[in-house]
Amino acid sequence: MRTAYKARAYPTPEQAAVLNRTFGCVRLVWNRVLAWRHQRYHREGVKTSYAQTDRHLTELKRGGEHDFLYEVSSVPLQQALRHQYTAFANFFAGRAKYPRFKSRHGRQSATYTRSAFRWKDGRLHLGKMEGPLEFVWSWPGIDPASVEATTVTISRAPDGRWYISLSVEADDKGMRLPPTGEAVGVDLGVRDFAVTSGGERIANPRHLERKARNLARYQRRMARKQPGSANRARAKLKVARAHTKVRDARSDFLHKTTTRLVRDNDVIVIEDLAVTNMVRNRSLARVISDCGWGEFRRQLEYKTAAYGRRLIVIDRWYPSSKTCSCCGHLLVELKLGVRHWRCPACRTWHDRDVNAAKNILAAGRAVTACGADVRHSGSRRVRSAVKQETPPARAGTPALGL
């Protein structure tokens, strides 16, 4: 499997100048090729291959107006074209939006392949750059000299921090965890970040809400500065650093939560939430975005694959909150403000979130037993095993065995 190691980098002023020049050239090549590609498609109605964009890059270099492209390594420029080709492939496959032009504001990055860098004895040497690039290795159990990097990505965050990301081919056999015999259903929410089928409640830290006042104050200060001035640049840097603190705290919380779930359980069952549609609610958009449900699922996906666990994602339309986890009775309606309810069939008193987590786990176990796919989207996909069962004479769904 492929993994990556990300570390803080500390380039010298001369190295920072080379990297900033490389970022500018990568951005220019991306924007020029994207505009040419867009114009060619609308005028001639043809798609553009990677080989054609590579030839167009050669023409840009030989045209005389972009001689400065020879001052930086050519590998990051070619990698930008490969990334753009992949972005268009994802767009035409319906997996991503149309590629956008790159801005000089925000995160900047450049990717080097093996032909443009040298990794020797844990030291990184980049093409057309003098001296090794200093960085801080954050994995004491791994010797950096033993790492064989295939690609290196250098990036500069909006707050001015530099990072390197080493992509390596790792053997996942030694990462397998011993089985625990446990399975858990996880119901994500806003009041509590997550509630498990065992009754555990993981509090929502609300990182953005705690820093909202500071962020608003920094943004008001930046708005009062004259555009283009040094004072505005310093105020903008403070805003970026405040956002970085929020992002780092959220990332740390998600990593600790997902790692603990993966270590303690063999099977993890979650819902397929449509976060993009949910953030359209103006009242809940900010707090939903602050939760980071999409990142939570992404981390679970790669961690379960790496450590030999199993992640099951059930259908987003499965009525986990309205179904009684004891007898399977299905309520006609359950408002969002109702946090507890009593089953009219078996008279069991339910906590809304715990009951939903139990039903999510039961649906995941049904998938394990029947081998059905519950992540369907439309009639052409295989439907959930829970959905395929014939309902009984009374209103409700069959009881799901725990």
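Just so you know, these numbers use all the heavy atoms, side chains as well, and skip hydrogens, waters and symmetry mates.
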Considering all heavy atoms, the nearest [X]-[Y] contact:
| X | Y | value |
| --- | --- | --- |
| Trp139 | Ala7 | CZ3-CB, 4.5 Å |
| Lys47 | Gln52 | O-OE1, 3.7 Å |
| Leu254 | Phe193 | CD2-CZ, 3.6 Å |
| Gly122 | Trp119 | CA-CZ2, 3.8 Å |
| Arg114 | Ala149 | NE-O, 3.5 Å |
| Arg232 | Pro227 | CD-CA, 3.4 Å |

Output the distance between atom [atom1] ([X]) and atom [atom2] ([Y]), rounded to the nearest 0.5 Å.
| X | Y | atom1 | atom2 | value |
| --- | --- | --- | --- | --- |
| Leu336 | Leu284 | CG | CG | 7.5 Å |
| Arg27 | Thr22 | CZ | OG1 | 11.5 Å |
| Lys303 | Arg263 | NZ | CZ | 8.5 Å |
| Thr48 | Gln39 | OG1 | CD | 11.0 Å |
| Leu166 | Thr3 | CG | OG1 | 10.5 Å |
| Leu133 | Thr12 | CG | OG1 | 8.0 Å |

Considering residues, nucleotides and ligands other than [X], do more than 12 of their heavy atoms fall under 6.0 Å from its [atom1]?
| X | atom1 | result |
| --- | --- | --- |
| Glu169 | CD | yes |
| Glu200 | CD | yes |
| Phe68 | CZ | yes |
| Tyr307 | OH | no |
| Arg217 | CZ | yes |
| Glu44 | CD | yes |

Chi angles and distances behind the side-chain contact (heavy atoms from CB on, under 4.5 Å) call for Lys61, Leu77: CA-CA 11 Å; Lys61 287 185 174 182; Leu77 308 183; 4.0 Å; yes
So that I can tick it off, tell me whether [Y] and [X] are bridged by a salt bridge, with the cut-off set at under 4.0 angstrom between side-chain N and carboxylate O.
| X | Y | result |
| --- | --- | --- |
| Asp290 | Arg250 | yes |
| Arg316 | Glu271 | no |
| Glu301 | Arg297 | yes |
| Asp159 | Arg241 | no |
| Asp67 | Arg62 | no |

State, with a plain yes or no, whether a side-chain heavy atom of [X] is found less than 4.5 Å away from one of [Y].
| X | Y | value |
| --- | --- | --- |
| Thr86 | Asn90 | yes |
| Val29 | Leu57 | yes |
| Met129 | Ile154 | no |
| Lys120 | His125 | no |
| Tyr163 | Arg8 | yes |
| Pro344 | His329 | yes |
| Ile288 | Arg286 | no |
| Ser321 | Leu334 | yes |

Candidate pair Gln219 and Asn214, rule side-chain contact (heavy atoms from CB on, under 4.5 Å), full reasoning: CA-CA 9 Å; Gln219 288 169 342; Asn214 288 339; over 6 Å; no
Side chains of [X] and [Y], donor plus acceptor under 3.5 Å:
| X | Y | result |
| --- | --- | --- |
| Arg310 | Thr304 | no |
| Thr111 | Gln79 | no |
| Ser155 | Gln108 | no |
| Lys236 | His105 | yes |
| Arg32 | His56 | no |
| Lys238 | His243 | no |

Test log, rule salt bridge (Lys or Arg N to Asp or Glu O under 4.0 Å), inputs Asp248 and Arg161: CA-CA 13 Å; Asp248 290 346; Arg161 296 182 180 181; 3.7 Å; yes
CA sep, side-chain torsions, deciding dist, call: Tyr70, Cys25, side-chain contact (heavy atoms from CB on, under 4.5 Å): CA-CA 10 Å; Tyr70 290 103; Cys25 293; over 6 Å; no
Aromatic plane relationship, Trp137 with Phe135 - under 30° parallel, 30 to 60° tilted, over 60° perpendicular: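 The arrangement is perpendicular - the two ring planes meet at more than 60°.
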CA sep, side-chain torsions, deciding dist, call: Ser73, Lys128, side chain to side chain donor-acceptor pair (under 3.5 Å): CA-CA 6 Å; Ser73 175; Lys128 295 196 174 183; over 6 Å; no
Ring centroid separation [X] to [Y] under 6.0 Å:
| X | Y | answer |
| --- | --- | --- |
| Tyr10 | Trp162 | no |
| Tyr85 | Trp30 | no |
| Phe91 | Tyr98 | yes |

Ser229 side-chain N/O to Gln226 backbone N/O, donor-acceptor pair under 3.5 Å: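 Side chain of Ser229 to backbone of Gln226: a pair is present.
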Arg309 side-chain N/O to Asn265 backbone N/O, donor-acceptor pair under 3.5 Å: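 Pair found, side chain donor or acceptor close to backbone of Asn265.
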Intermediate values then yes/no, side chain to side chain donor-acceptor pair (under 3.5 Å), Asn355 and Ser325: CA-CA 6 Å; Asn355 176 71; Ser325 58; 3.0 Å; yes
Salt bridge (charged side-chain N to carboxylate O under 4.0 Å, His left out) partner of Asp192, chosen from Arg352, Arg339, Arg201: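 When salt bridge (charged side-chain N to carboxylate O under 4.0 Å, His left out) is applied between Asp192 and each of Arg352, Arg339, Arg201, only Arg201 qualifies.
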Trace of the side chain to side chain donor-acceptor pair (under 3.5 Å) decision for Thr348 with Arg342: CA-CA 5 Å; Thr348 303; Arg342 187 179 298 277; over 6 Å; no
Leu273 vs Phe296, side-chain contact (heavy atoms from CB on, under 4.5 Å): CA-CA, chis, key distance, verdict: CA-CA 11 Å; Leu273 298 178; Phe296 176 79; over 6 Å; no
Over-ring placement of Arg37 relative to Phe88, 6.0 Å and 45° cut-offs: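 So Arg37 does make the cation-pi contact.
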Salt bridge (Lys or Arg N to Asp or Glu O under 4.0 Å) evaluation trace for Arg123 with Asp121: CA-CA 6 Å; Arg123 300 177 69 86; Asp121 298 331; over 6 Å; no
